[in-house]
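Read the structure below first, then the notes.
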Amino acid sequence: MKTSTVATDALFWMGGLLATGLIEVSTDPKSLSDGDFWAVSTTYEGGFRAAKFGNLTRSDFSTQIESESPSGKWASSTTREEYLAYVELIREEIANGGVYQVNACRRLSIKSPAKLSSAFQRILNLNPAPYSSYLKWGDIEIASASPELFLQRTGLQIKTSPIKGTKQSATEEFGVKDRAENVMIVDLMRNDLGQICKPGSITVPDLLRDEVHPGLSHLVSDVSGILRDEITWPEIFEALLPAGSISGAPKSSAMKIIAENEKVSRAEYCGVIGWVHGDQALLSVAIRTFWRDGEYINFGTGAGITWGSDAPAEWEETQLKAARLISIVGGEL
């Protein structure tokens, strides 16, 4: 379904590309087939939204809005004790053979009128990320400092770069658990791409790359393929969403555990955000992402759980992933 809009403050920014002049919005991925430029946001639960923009320029992000920062303590949807129990439940499911890996997440929220455009400006200055993006139209406002590529498309060539493995110091070594988890998700993504790519075209050109980001290092791999002729955007999204790195393996089993145990929806967190322009696209996994929901600003954080996971260490990983960005945006973790 499509609806017209005349919002004048709507915009999308990603990697120096600024899109303004909102033409229409859509909840149907078939809309992307018209060859025009669309900013895309999906939710983890499968919601799809896209905004067509008519004006594209290369520009630094800037905002004229001065806004106070959030203050007070961010509330977690899950207590430490509940999260530890969640990790142990996943380990038990793994021991029983029902699943191999699950990404266990929680939501942080704070009531604040602060504008995310101002927060995003600070994030760009203090925590630049390869897929930083900002999207606003209507009541939708998202500010992302994502380090993870969901999908890059150039013609029929596509690539995804799942992250599995996080460490605080560049001098540390990734452990056996991190490497095994990354390889597991690479295999999952190879299978997902196999649903939409030409037989024999899927390759892993880079496996277990140590990638340094502000305050963190991640273990990253690349998986590439060549799309089948006449493939459609609805088929691509159906095959690949949600991303393997933020769900688990097997994906269907992991998603069932997530649905049964996480108290609140992930919403924009763990969806994707980016742009599609005909047969070109750049979409990131919406991690390290803030979004507004009414009076509240939200932020998601999580960790990949395997049989080798230590529950307190996984909780600390969720804290680590949130700490730097929360300190930039405002409030207390």
Side-chain angles (χ1 to χ4, degrees), residues 7 9-14 39-45 47 49 51 61-80 82-83 103-129 131-148 213-216 246 262-274 284-303 315 317-333:
D9 62 344
L11 67 89
F12 170 75
W13 186 95
M14 186 179 193
V40 174
S41 168
T42 74
T43 66
Y44 167 80
E45 291 77 20
R49 299 164 302 188
F61 182 85
S62 64
T63 178
Q64 303 301 316
I65 300 173
E66 295 297 330
S67 173
E68 64 181 26
S69 300
S71 60
K73 189 172 181 62
W74 290 72
S76 175
S77 61
T78 305
T79 67
R80 182 178 185 275
E82 289 170 337
Y83 191 84
N103 205 57
C105 299
R106 58 191 177 99
R107 182 193 291 195
L108 301 171
S109 302
I110 193 166
K111 188 175 182 180
S112 174
K115 302 296 184 183
L116 285 182
S117 55
S118 296
F120 185 63
Q121 185 72 73
R122 296 195 297 275
I123 289 170
L124 287 178
N125 293 338
L126 300 173
N127 194 97
Y131 305 108
S132 293
S133 57
Y134 176 82
L135 176 62
K136 185 179 190 313
W137 86 79
D139 59 357
I140 295 171
E141 189 178 22
I142 306 169
S144 177
S146 176
E148 183 171 359
H213 297 273
L216 294 173
I246 48 75
E262 295 187 13
K263 293 181 178 181
V264 298
S265 67
R266 295 186 180 182
E268 281 76 358
Y269 173 58
C270 292
V272 303
I273 183 170
S284 69
V285 181
I287 56 175
R288 317 291 196 273
T289 295
F290 296 88
W291 76 98
R292 178 166 289 286
D293 183 6
E295 296 182 304
Y296 288 86
I297 296 173
N298 302 288
F299 181 84
T301 185
W315 169 266
E317 181 172 322
T318 69
Q319 292 283 92
L320 174 65
K321 289 174 177 176
R324 182 180 177 89
L325 286 170
I326 293 292
S327 71
I328 293 170
V329 170
E332 303 172 8
L333 184 59

What is the distance from atom [atom1] of [X] to atom [atom2] of [Y], rounded to the nearest 0.5 Å?
X      : Y      : atom1 : atom2 : result
Glu82  : Ser76  : CD    : OG    : 8.5 Å
Asn127 : Ile328 : CG    : CD1   : 4.5 Å
Asp293 : Asp139 : CG    : CG    : 8.5 Å
Thr289 : Trp291 : OG1   : CH2   : 8.0 Å
Ile326 : Leu108 : CD1   : CG    : 5.5 Å
Ser327 : Leu333 : OG    : CG    : 9.5 Å

Which atom pair, heavy atoms only, marks the closest approach of [X] to [Y]?
X      : Y      : result
Glu295 : Lys111 : OE1-CE, 3.3 Å
Glu45  : Ala267 : OE1-N, 3.0 Å
Cys105 : Glu262 : N-OE2, 3.0 Å
Met14  : Gly274 : SD-CA, 3.8 Å
Ser284 : Tyr131 : CB-CB, 3.6 Å
Pro147 : His213 : CB-CE1, 3.6 Å

Are the side chains of [X] and [Y] in touch, meaning some heavy atoms are under 4.5 Å apart?
X      : Y      : result
Glu268 : Arg49  : yes
Ile142 : Leu116 : no
Pro113 : Glu68  : yes

Main-chain N/O of [Y] paired to [X] side chain as donor or acceptor, under 3.5 Å:
X      : Y      : answer
Ser144 : Ser133 : no
Ser146 : Arg288 : no
Tyr83  : Ala104 : yes

Less than 3.5 Å apart, any donor N or O on the side chain of [X] or [Y] sitting next to an acceptor on the other?
X      : Y      : result
Ser265 : Arg107 : yes
Thr318 : Thr301 : no
Ser77  : Arg106 : no

Test side-chain contact (heavy atoms from CB on, under 4.5 Å) applied to [X] - qualifying residues, sequence neighbours left out:
X      : value
Lys73  : none
Ala114 : Ser67, Pro70, Ser112, Ile297
Ala129 : Ser132, Ala145

- request: Check salt bridge (Lys or Arg N to Asp or Glu O under 4.0 Å) between Glu148 and all other residues, then give those that pass, not counting sequence neighbours.
  value: none

field: Any residue meeting ring-ring contact (aromatic ring centres under 6.0 Å, His included) with Tyr134, in chain and number order, not counting sequence neighbours
entry: Phe61, Phe120

message: For Ile110, run the side-chain contact (heavy atoms from CB on, under 4.5 Å) check against Tyr296, Trp74, Phe290 and tell me which one passes.
response: Trp74

query: So which pairs with a foot in residues 324-333 pass salt bridge (Lys or Arg N to Asp or Glu O under 4.0 Å), sequence neighbours left out?
result: none

